[in-house]
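What follows is one structure encoded as C-alpha cells, with my remarks underneath.
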Amino acid sequence: MKIIVCLKQVPDTKGGVQFNPDGTLNRAAMLTIMNPDDKAGLEAALRIKEQYGADVTVLTMGLPKADEMLREALAMGADHAILVTDRLLAGADTWATSSTVAAAIKKLDYDLIITGRQAIDGDTAQVGPQISEHLDIPVISYAQDIKIEGDSVIVQRQYEDRYHVVKAKMPCLITALSELNEPRYMTPGGIFDAFEKEVTVWTRADLTDLDDANIGLKGSPTKIAKASDKVRKGAGETVNLDPDEAVAYLMGKLDEKHLI
Ligand SMILES: Cc1cc2nc3c(=O)[nH]c(=O)nc-3n(C[C@H](O)[C@H](O)[C@H](O)COP(=O)(O)OP(=O)(O)OC[C@H]3O[C@@H](n4cnc5c(N)ncnc54)[C@H](O)[C@@H]3O)c2cc1C
C-alpha cells in the first residue's frame with residue numbers, strides 16, 4: 001500500500017509573524033514548524049505502515065528550507081520525501097497550490113493521500129479537497145479516526161456534535177485533524193538516517209501535467225488585496241452597579257454588539 005502525506009511548513013507563531021512590504025508573509029525570516037494537522041496525518045500514515053505495511057512518501061511545495069521539515073518527517077519514519085520548489089510557483093493561492101501539488105502526485109503511485117484539515121497560516125482548509133478534485137478521487141475530510149479494511153478506508157468524520165463513519169474505496173484522500181493522535185518524536189537513529197537519505201527535488205519543469213495558467217501568483221484567481229493586524233482590544237471599562245443592574249447593563253452591551 002502506498003501513502004502520500006502532504007505537508008506544509010508554516011510559521012511558528014511563537015517566534016512572531018513578519019510581513020513583506022507588499023503584505024505577504026516573509027516566510028524566509030520566520031521560525032517554522034510542520035503544520036500540526038499534517039503531523040497528525042503523518043503519524044496516522046506511520047501507524048498504518050506499522051499495522052498493515054505501507055510505503056510512506058511525504059511531499060511539500062515550498063521554499064528550499066522546507067527540506068528541514070521533510071527530514072523531520074523522514075526521522076519520524078517516512079520512507080521518501082519530495083520537495084517541489086521553484087520561484088515560478090511562489091505566491092500561489094489555494095487553487096494554484098492544489099493544482100501544483102496534484103500535478104506532483106500524478107507522477108507517483110498511491111492508494112491513500114493524507115493532508116491536514118487546515119494549515120495554521122493560510123487557514124482555508126481548501127487545499128486537501130481541491131487536490132482530490134484535480135485527481136478525481138473521493139475525499140473524506142475532518143478525520144478523527146482512520147482504519148483500513150481490505151481496499152477501503154473507514155473514517156470517523158468529525159462534526160460539531162457527532163461523528164459519521166464513512167467508508168470509501170481507495171484511492172481516496174483524507175484530511176486529518178490534530179485530534180487524530182499524538183505524533184511521535186523523531187528517534188536519534190532516525191535523525192542520523194534522515195540526513196543521509198535523499199530528498200527528491202522537483203521544479204516547475206518536472207511537473208508535466210500542469211498548465212502555466214494554474215501556477216504561482218499569476219495563476220491564482222484570488223490575490224491578497226491587503227493584510228493587516230487585528231484591531232487591538234480597547235482598555236475596557238469598569239462600572240460600579242448592584243448585581244441586578246450589572247446583569248442588565250452587561251446584557252444590554254452584548255445585545256448592542258449583536259452577540260446575543
Ligand atoms: C496572509 C495570508 C493571506 C492569504 N490570502 C489568500 C487569499 O486571499 N486567497 C487564497 O486563496 N489564499 C490565500 N492565502 C492562502 C495561501 O495562498 C496558502 O498558503 C495556500 O494557498 C495554501 O492554503 P492554506 O495555507 O490555507 O492551506 P489549507 O487548505 O488550510 O491546507 C490544508 C492541507 O493541505 C496541504 N497543503 C497546503 N499547502 C501545501 C503545500 N504548499 N504543500 C503541500 N501540502 C500543502 C497540507 O496538508 C494542509 O494541512 C493566504 C495566506 C496567507 C498567509
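Start at 1 and go down the list; that is how both ligands and their atoms are numbered. Computation of the quantities below employed the complete heavy-atom set of this structure, encompassing side-chain atoms and omitting hydrogens, waters and symmetry-equivalent molecules.
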Shortest non-hydrogen contact from [X] toward [Y]:
| X | Y | answer |
| --- | --- | --- |
| Val155 | Ala143 | CG1-CB, 3.4 Å |
| Ile146 | Ala44 | CD1-CB, 4.1 Å |
| Leu217 | Lys223 | O-NZ, 3.0 Å |
| Gly91 | Ser220 | O-OG, 3.5 Å |

Does this structure show an ion pair linking [X] with [Y], if we count only N-O contacts that are shorter than 4.0 Å?
| X | Y | value |
| --- | --- | --- |
| Asp38 | Lys8 | no |
| Glu43 | Lys39 | no |
| Asp212 | Lys218 | no |
| Asp109 | Lys2 | no |

Hey, quick one: are Val56 and Leu108 part of the same hydrophobic cluster, counting side-chain heavy atoms closer than 4.5 Å, chains of contacts allowed?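 No, Val56 and Leu108 fall in different hydrophobic clusters.
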What do we get for [X] next to ligand 1 when only non-hydrogen atoms under 4.0 Å count, side chain, backbone, both or neither?
| X | result |
| --- | --- |
| Ile131 | neither |
| Thr124 | both |
| Thr115 | both |
| Asn35 | side chain |
| Asp123 | backbone |

Give me the residue, atom name and distance of the protein heavy atom closest to [atom].
| atom | value |
| --- | --- |
| atom 7 (C) of ligand 1 | Thr222 OG1, 3.8 Å |
| atom 20 (C) of ligand 1 | Thr97 OG1, 3.5 Å |
| atom 30 (O) of ligand 1 | Ala119 N, 2.7 Å |
| atom 25 (O) of ligand 1 | Lys8 NZ, 2.5 Å |
| atom 53 (C) of ligand 1 | Leu25 CD1, 3.3 Å |
| atom 36 (N) of ligand 1 | Val127 CG1, 3.7 Å |
| atom 42 (N) of ligand 1 | Met61 N, 3.0 Å |
| atom 49 (O) of ligand 1 | Asp38 OD1, 2.4 Å |

Could you tell me whether [X] atom [atom1] has more than 12 heavy atoms of other residues or ligands within 6.0 Å of it?
| X | atom1 | result |
| --- | --- | --- |
| Tyr163 | OH | no |
| Glu68 | CD | yes |
| Glu182 | CD | no |

Report yes or no: does Asp37 have a heavy atom closer than 4.0 Å to ligand 1?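 No, Asp37 has no heavy atoms under 4.0 Å from ligand 1.
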Does at least one non-hydrogen atom of Ala92 fall below 4.0 angstrom from an atom of ligand 1?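 Yes, Ala92 has a heavy atom closer than 4.0 Å to ligand 1.
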Just to confirm, does any protein heavy atom lie below 4.0 Å from atom 18 (C) of ligand 1?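 It does: a protein heavy atom is found less than 4.0 Å away from atom 18 (C) of ligand 1.
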Scan the protein's non-hydrogen atoms and note whether one is under 4.0 Å from atom 13 (C) of ligand 1.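 So atom 13 (C) of ligand 1 lacks protein heavy-atom neighbours under 4.0 Å.
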Considering both backbone and side-chain atoms of [X], is one of its nitrogen or oxygen atoms within less than 3.5 Å of a nitrogen or oxygen in ligand 1?
| X | answer |
| --- | --- |
| Ile224 | no |
| Gln126 | yes |
| Val101 | no |
| Ala125 | yes |

Check each atom of ligand 1 against the heavy atoms of [X] and keep those under 4.0 Å away; list them by number with element.
| X | answer |
| --- | --- |
| Arg117 | 32 (C) |
| Leu7 | 42 (N), 43 (C), 44 (N) |
| Gly122 | 24 (P), 25 (O), 26 (O), 51 (C) |

So Thr32 and Asp12, side chain to side chain donor-acceptor pair (under 3.5 Å) or not? Walk me through it. CA-CA 5 Å; Thr32 52; Asp12 182 354; over 6 Å; no
Can you figure out which of Gly41, Gly116, Ala96 has its heavy atom closest to atom 33 (C) of ligand 1?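 Answer by nearest heavy atom: Gly116.
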Can you confirm whether the side chains of His80 and Thr200 place a donor and an acceptor under 3.5 Å from each other?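 There is no such pair (donor and acceptor under 3.5 Å, judged by atom type) between the side chains of His80 and Thr200.
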Run the side chain to side chain donor-acceptor pair (under 3.5 Å) check on Glu179 and Gln144 step by step: do they pass? CA-CA 6 Å; Glu179 295 97 298; Gln144 60 174 26; over 6 Å; no
